[in-house]
Every structure is written in structure tokens, then in C-alpha cells.
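Computed from heavy atoms alone, side chains included, the values below leave out hydrogens, waters and symmetry copies.
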Amino acid sequence: MLNLIWLCLILAGVVVAAGNGRIDIITETFFSAADEGVKVCLDLIGLMTLWLGMLEVARQAGLIRILARLVRPLAVRLFPEVPPEHPALGAIIMNISANILGLGNAATPFGLKAMEELQKLNPRPDTASDAMCTFLAANTSCITLVPATIIGVRIAAGSVNPTEIVGPTIFATGFSMAFVLLLDSLWRNFIKTRRRVF
């Protein structure tokens with residue numbers, strides 16, 4: 001669908017340029033945009049290497065484990081069907097902690113491990129369990145304290161204050177995570193009530 005939208009936008013641009021007698025601007029824009037895209041990518045390589053390296057040092061220094069201790073009480077309440085000492089809960093906590101720090105690369109292995117362990121607890125292996133749905137919701141809407149990628153893109157684009165996005169990002173991701181988890185809880189209670197009635 002997105003490709004269709006892009007195609008329509010490009011065709012509309014070509015038609016408008018041709019209608020105004022400026023068809024030459026199409027070729028010029030294509031080449032300048034491609035050149036700009038390569039420059040932004042090269043700028044991002046250096047910035048992302050520096051930023052991710054700093055976060056990796058923080059990870060190896062135990063920052064994720066410290067954060068995991070803080071997240072654990074919340075995780076136990078969010079996943080009541082997962083035993084507190086089960087490996088699934090540990091992987092979930094580590095995944096959420098890595099996501100909070102903006103360490104998407106570190107979060108992915110924990111997320112895969114969490115799903116693998118949750119599947120072992122799933123009474124119906126052909127259907128996602130409630131815990132799996134809650135984890136997926138928490139993972140995709142997780143609050144982010146350090147939006148490293150966005151900061152890097154803003155620096156590459158020449159932003160005067162690239163870190164001003166941190167506050168709005170914390171607010172937006174915090175709100176989205178709270179809303180999604182509330183929705184998940186309400187839906188789960190609705191389904192349980194419906195099963196009891198019928």
C-alpha cells in the first residue's frame with residue numbers, strides 16, 4: 001500500500017511538472033535527492049557508531065541489569081501467569097530494560113528468548129497466549145529514554161538542537177505504553193468476563 005502511495009505521489013509530481021513546462025526539474029530533483037540521501041547515511045554511520053558504542057559500554061557496565069531490578073515489580077504484575085522465577089520473566093525484563101535505553105540491537109535477542117520461553121508456558125501452542133500478546137504490546141510501545149536514532153538523524157540533518165526531541169519522546173512513548181497496557185488489561189478482563197457469562 002505504501003509503495004502505491006509513493007508511486008501516486010511521484011506520478012503526480014511528474015504530471016504537475018510536465019503541465020508547468022518544467023519536466024527538467026524531475027531529473028534534477030531525483031539526482032539531488034539521491035545525493036542528499038547518501039550524505040545523510042554517511043553522517044549517520046559515524047554518529048550511530050559513537051552513540052551505540054557509548055550505550056554498549058553502559059550495557060556492559062551493568063546499566064541494563066540495574067534497570068531490570070527496577071522494572072521487575074512492574075513485570076511481575078503485568079504477567080501474573082508467568083512464575084516469578086521462570087526464565088521467560090527474566091528475558092522480558094531484560095528486553096524492556098534494553099528498549100527503555102534505546103538499545104534495539106540488544107533488546108532483540110531478549111525478545112526472541114522471551115517469546116520462546118512464553119511458548120513453553122502456552123497451554124495452546126497454536127494460539128498466542130495472553131502473556132505473549134501483553135509482551136508484544138509492551139515491546140512495540142515501550143517507553144524510550146534515549147532516542148539515539150532520532151537524535152542521529154537530527155544531527156545529520158543539521159538541527160540546531162538535536163536533543164530537544166528527548167522530552168517529547170519520553171512523554172509520547174510513556175503515554176503510548178501506558179495506553180496500550182491499559183487497553184490490553186481492559187480487553188483481557190472483558191474476554192474473561194465474557195467467557196464466564198457464556
Side-chain angles (χ1 to χ4, degrees), residues 1-60 63-64 67 91 94-116 128 132-181 183-184:
M1 184 64 185
L2 193 59
N3 288 334
L4 182 62
I5 293 172
W6 279 114
L7 179 63
C8 290
L9 288 173
I10 292 170
L11 290 176
V14 171
V15 170
V16 170
N20 290 328
R22 296 287 315 275
I23 196 69
D24 56 308
I25 202 170
I26 296 294
T27 307
E28 183 184 323
T29 303
F30 279 169
F31 283 111
S32 64
D35 186 48
E36 188 67 24
V38 171
K39 286 179 183 173
V40 169
C41 288
L42 289 175
D43 287 344
L44 278 177
I45 289 173
L47 292 168
M48 291 303 293
T49 302
L50 172 66
W51 191 248
L52 292 177
M54 289 173 63
L55 290 175
E56 181 63 19
V57 170
R59 186 186 71 82
Q60 291 192 13
L63 189 60
I64 290 182
L67 193 57
M94 296 300 282
N95 173 269
I96 291 175
S97 300
N99 274 329
I100 288 174
L101 293 175
L103 295 168
N105 290 339
T108 301
F110 292 129
L112 294 174
K113 180 68 177 173
M115 277 298 183
E116 183 183 324
M132 294 168 89
C133 294
T134 301
F135 173 63
L136 189 61
N139 185 42
T140 53
S141 65
C142 191
I143 183 171
T144 303
L145 299 181
V146 187
T149 305
I150 301 298
I151 291 173
V153 170
R154 287 173 62 86
I155 291 173
S159 173
V160 177
N161 188 4
T163 57
E164 68 182 356
I165 195 73
V166 172
T169 299
I170 293 172
F171 175 77
T173 54
F175 178 79
S176 69
M177 186 174 188
F179 179 75
V180 166
L181 292 178
L183 199 62
D184 175 74

Could you state the interatomic distance from [atom1] ([X]) to [atom2] ([Y]), rounded to the nearest 0.5 Å?
X	Y	atom1	atom2	result
Ser176	Leu183	OG	CG	12.0 Å
Asn99	Thr108	CG	OG1	7.5 Å
Leu11	Trp6	CG	CH2	13.0 Å
Asn139	Met132	CG	CE	12.5 Å

With heavy-atom distances below 4.5 Å as the criterion, would you say the side chains of [X] and [Y] are in contact?
X	Y	result
Pro147	Ile165	yes
Glu164	Val166	no
Leu7	Asn3	no
Phe30	Ile10	yes
Val14	Ile23	yes
Ile143	Phe175	no
Thr144	Ile170	no

Nearest heavy-atom pair of [X] and [Y]: which atoms, and what distance?
X	Y	value
Gly13	Ile26	O-CD1, 3.9 Å
Cys133	Asp184	C-OD1, 4.4 Å
Ile96	Cys142	O-SG, 3.8 Å

Practice task
Carefully, step by step, assess Asp35 and Phe31 under the rule side-chain contact (heavy atoms from CB on, under 4.5 Å).
Solution key: CA-CA 6 Å; Asp35 186 48; Phe31 283 111; over 6 Å; no
Problem - Arg154 (side chain) donor-acceptor with Asn161 (main chain) under 3.5 angstrom - result: yes
